[in-house]
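Just below is one structure, and these are the notes that go with it.
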Amino acid sequence: MNQDNSPKRDALPVSVVVMAAGKGTRMKSERPKVLHRIAGRAMLSHVLATVEQLADAHALQKVVVVTGHGAEAVETHLSGSPLQAQHLLEFARQMPQLGTGHAVQQAVPHLPDSGVVVILNGDVPLIQADTVQALIQASAGQNLALLTVQLADPTGYGRIVRKCAGESNDERQGAVQAIVEHKDATPEQRAIQEIYTGIMAAPAQWLKRAVSLLKNNNSQGEFYLTDIVAMAVAEGLPVVGQLTTDEVQVAGVNSPVQLAELERAFQQRQARRFMEAGVRMADPARFDVRGDLQCASDVEIDVNCVFEGQVRLGHRVRIGANCFIANVQIADDAVIHPFTHIDGEKPGVVVGEGALIGPFARLRPGAVLGAEVHIGNFVEVKNSTMAKGSKANHLAYLGDATVGERVNYGAGSITANYDGANKHRTVIEADVHVGSNSVLVAPLTLGAGGTVGAGSVVSKDTPPGALTVTRARQTSLADWSRPVKASKDKPKN
Ligand code: UD1
Ligand code: MG
């Protein structure tokens with residue numbers, strides 16, 4: 001939120017260019033690179049979420065996303081995003097893609113002349129708002145500020161060339177002179193471990209002029225944005241190299257291997273944050289949140305659990321090993337046993353206080369379970385409410401059902417809720433016992449306190465308190481004998 005003590009109108013106005021036109025050849029994928037996901041969310045969406053946070057401290061003037069490869073898919077993906085709703089988002093198509101300088105040239109007509117322009121990359125997804133803010137401060141609308149990092153292996157990156165030649169990588173203090181791309185670098189320059197992260201902040205007006213002067217006379221025949229550094233030095237515009245030590249924030253993704261590495265780094269960071277907030281985890285390396293997880297106190301999570309969408313866990317909730325848990329509110333003291341699958345994607349799932357779910361349970365959209373409900377192995381619940389203390393412990397299906405309190409739903413029973421055209425409701429009133437292997441043909445109401453005999457197919461409403469049995473009466477034939485195999489000794493005829 002915009003803080004009262006730092007009103008936006010006094011802060012430096014900021015525009016952002018997100019470069020997202022590159023092909024991403026090494027991903028070997030049909031999908032545009034910036035739409036590949038970290039923690040279930042497109043890399044580009046991570047970047048734009050960070051940009052949205054910048055609006056808390058700065059007057060955000062414009063966000064220009066440069067698209068090229070897969071432009072339509074990328075633009076469609078961002079339609080309806082908060083920045084677009086605020087009319088801050090614009091797209092600049094770059095066809096063909098002639099380099100990062102050329103990319104920014106396409107954005108120039110969209111950019112205002114005032115304030116600072118921040119350049120971000122759609123394939124550097126984990127950059128954080130405070131890091132970008134520090135870079136904006138370093139630029140202050142007057143300097144060219146470059147975000148840099150020291151890498152053990154700087155191969156492939158643009159090297160930060162500073163004034164005192166031959167200095168060690170340990171004390172790189174001299175003024176920045178230029179960025180030299182790996183392919184254009186001398187052996188001495190290649191020894192430099194400080195590299196350009198691809199993220200910079202520059203005075204808007206100066207940047208717009210500088211990129212118009214770029215040439216492509218280099219080993220790749222591309223317009224390098226990084227050539228503006230030498231221009232700034234030549235013109236006397238101060239260049240600030242801002243060194244970060246957090247490699248994860250500035251890591252770019254070019255291949256499935258790097259994507260997976262960054263996914264893991266991101267998940268480990270999330271896991272650490274949850275543990276610091278008191279969540280107990282069997283193994284933070286086997287924990288994945290792809291959405292928004294909120295945990296109350298004393299939550300315990302076993303190995304290999306995946307959380308998606310909006311998940312709320314109450315006090316003392318325990319999640320067993322190998323669970324997939326999406327879009328659900330789980331109340332205090334509930335226990336989710338191993339291998340449970342919960343997917344409450346519209347409408348959500350609710351699990352009541354002290355409920356016991358699983359192992360091997362499946363809760364689908366609209367499953368709303370009251371306190372102390374028990375759902376056991378191989379039980380599926382969809383679009384059904386179950387009131388306090390009801391139980392379905394084995395091999396059962398409840399679809400489009402309204403279940404009262406203390407109902408016992410027998411092993412192997414199902415609601416036949418679909419007639420081939422329409423779905424119908426089954427109402428099971430309080431204290432009903434449904435015997436094993438029953439089929440409840442909806443629409444149907446089972447009256448309170450009634451019992452359904454095992455193996456019944458119930459297609460008419462049942463009165464309260466009664467026993468309903470629909471299977472044939474059992475008979476035994478005393479004088480019946482089982483057929484006997486013909487003996488080998490006997491003649492065949
Ligand atoms: C760039 C920098 C390099 C830096 C590195 C950090 C240049 C010339 N070099 O190199 O100094 O160390 O990033 O990762 O800028 N893009 C476009 N249009 C284009 C080309 C690229 O939109 O025509 C986008 C890409 O989608 C990507 C970003 O720009 O998001 C960077 O492009 P990339 O080709 O990865 O640049 P590098 O060669 O890695
Ligand atoms: Mg790159």
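Just follow the structure's listing: the first ligand is 1, and inside any ligand the first atom is 1.
At a 4.0 Å heavy-atom cut-off, ligand 1 does not touch K33 at all. The part of Q94 lying near ligand 1 is the side chain, judged by heavy-atom distances below 4.0 Å. With a 4.0 Å heavy-atom cut-off, ligand 1 is reached by no atom of I195. Looking at V124 against ligand 1, nothing comes within 4.0 Å, counting heavy atoms.
With respect to the salt-bridge test (charged N to carboxylate O, under 4.0 angstrom), the residues K208 and D113 qualify. Between E300 and R318 there is no salt bridge, since no side-chain N of the basic residue sits under 4.0 Å from a carboxylate O of the acidic one. Taking the charged nitrogens against the carboxylate oxygens, D288 and R264 do have a contact shorter than 4.0 Å, which makes a salt bridge. For the pair R316 and D333, the salt-bridge criterion is met [side-chain N within less than 4.0 Å of a carboxylate O]. A salt bridge links R209 with E235: the distance from a Lys NZ or Arg NE/NH1/NH2 to an Asp or Glu carboxylate oxygen falls below 4.0 Å. Between D400 and K423 there is no salt bridge, since no side-chain N of the basic residue sits under 4.0 Å from a carboxylate O of the acidic one.
If you check the side chains of N254 and K33, you find a donor sitting under 3.5 Å from an acceptor.
Of all atoms in ligand 1, numbered sequentially from 1 with element shown, those under 4.0 Å from a heavy atom of N121 are 27 (C), 28 (C), 29 (O), 30 (O), 31 (C). Taking a cut-off of under 4.0 Å to the non-hydrogen atoms of D123, the atoms of ligand 1 that pass are 27 (C), 30 (O). Residue contact check: G158 has heavy atoms under 4.0 Å from atoms 3 (C), 4 (C), 11 (O), 12 (O) of ligand 1. Every atom of ligand 1 with a heavy atom of M19 under 4.0 Å away is listed here by number and element: 22 (O), 24 (C), 29 (O), 30 (O). Against a heavy-atom cut-off of under 4.0 Å, T226 is close to the following atoms of ligand 1: 7 (C), 8 (C), 9 (N), 11 (O), 15 (O). Heavy-atom proximity to T100, at under 4.0 Å, picks out these atoms of ligand 1: 7 (C), 8 (C), 15 (O), 20 (C), 21 (C), 29 (O), 31 (C), 32 (O). Counting the atoms of ligand 1 from 1 in the order shown, those under 4.0 Å from a heavy atom of A103 are 17 (C), 18 (N), 22 (O).
Taking the salt bridge (Lys or Arg N to Asp or Glu O under 4.0 Å) definition, one finds that R286 meets it with D283, sequence neighbours left out.
For R272, the CZ atom sits in a loose shell: 12 or fewer heavy atoms of surrounding residues, nucleotides or ligands are nearer than 6.0 Å. Counting non-hydrogen atoms of other residues, nucleotides and ligands closer than 6.0 Å to CD of E30 gives a total of 12 or fewer.
Residue contact annotation: A20 has a non-hydrogen atom under 4.0 Å from ligand 1.
Taking each of P96, A107, G99, G22 in turn, the one with a heavy atom nearest to atom 20 (C) of ligand 1 proves to be G99. Nearest residue to atom 9 (N) of ligand 1 from K183, Q220, E181 is E181 (criterion: closest heavy atom). When the heavy-atom distances from atom 14 (O) of ligand 1 to F223, Y157, Y224 are ranked, the shortest goes to Y157.
For ligand 1, the polar-atom distance check finds no N/O of G198 at less than 3.5 Å from any of the ligand's N/O atoms. Checked by distance only, ligand 1 and L225 stay at 3.5 Å or farther apart across all their nitrogen or oxygen atoms. The shortest N or O to N or O distance between I179 and ligand 1 is not below 3.5 Å.
For the side chain to side chain contact (heavy atoms under 4.5 Å, CB included) with P125, the lone residue among L259, I38, L44 that qualifies is I38.
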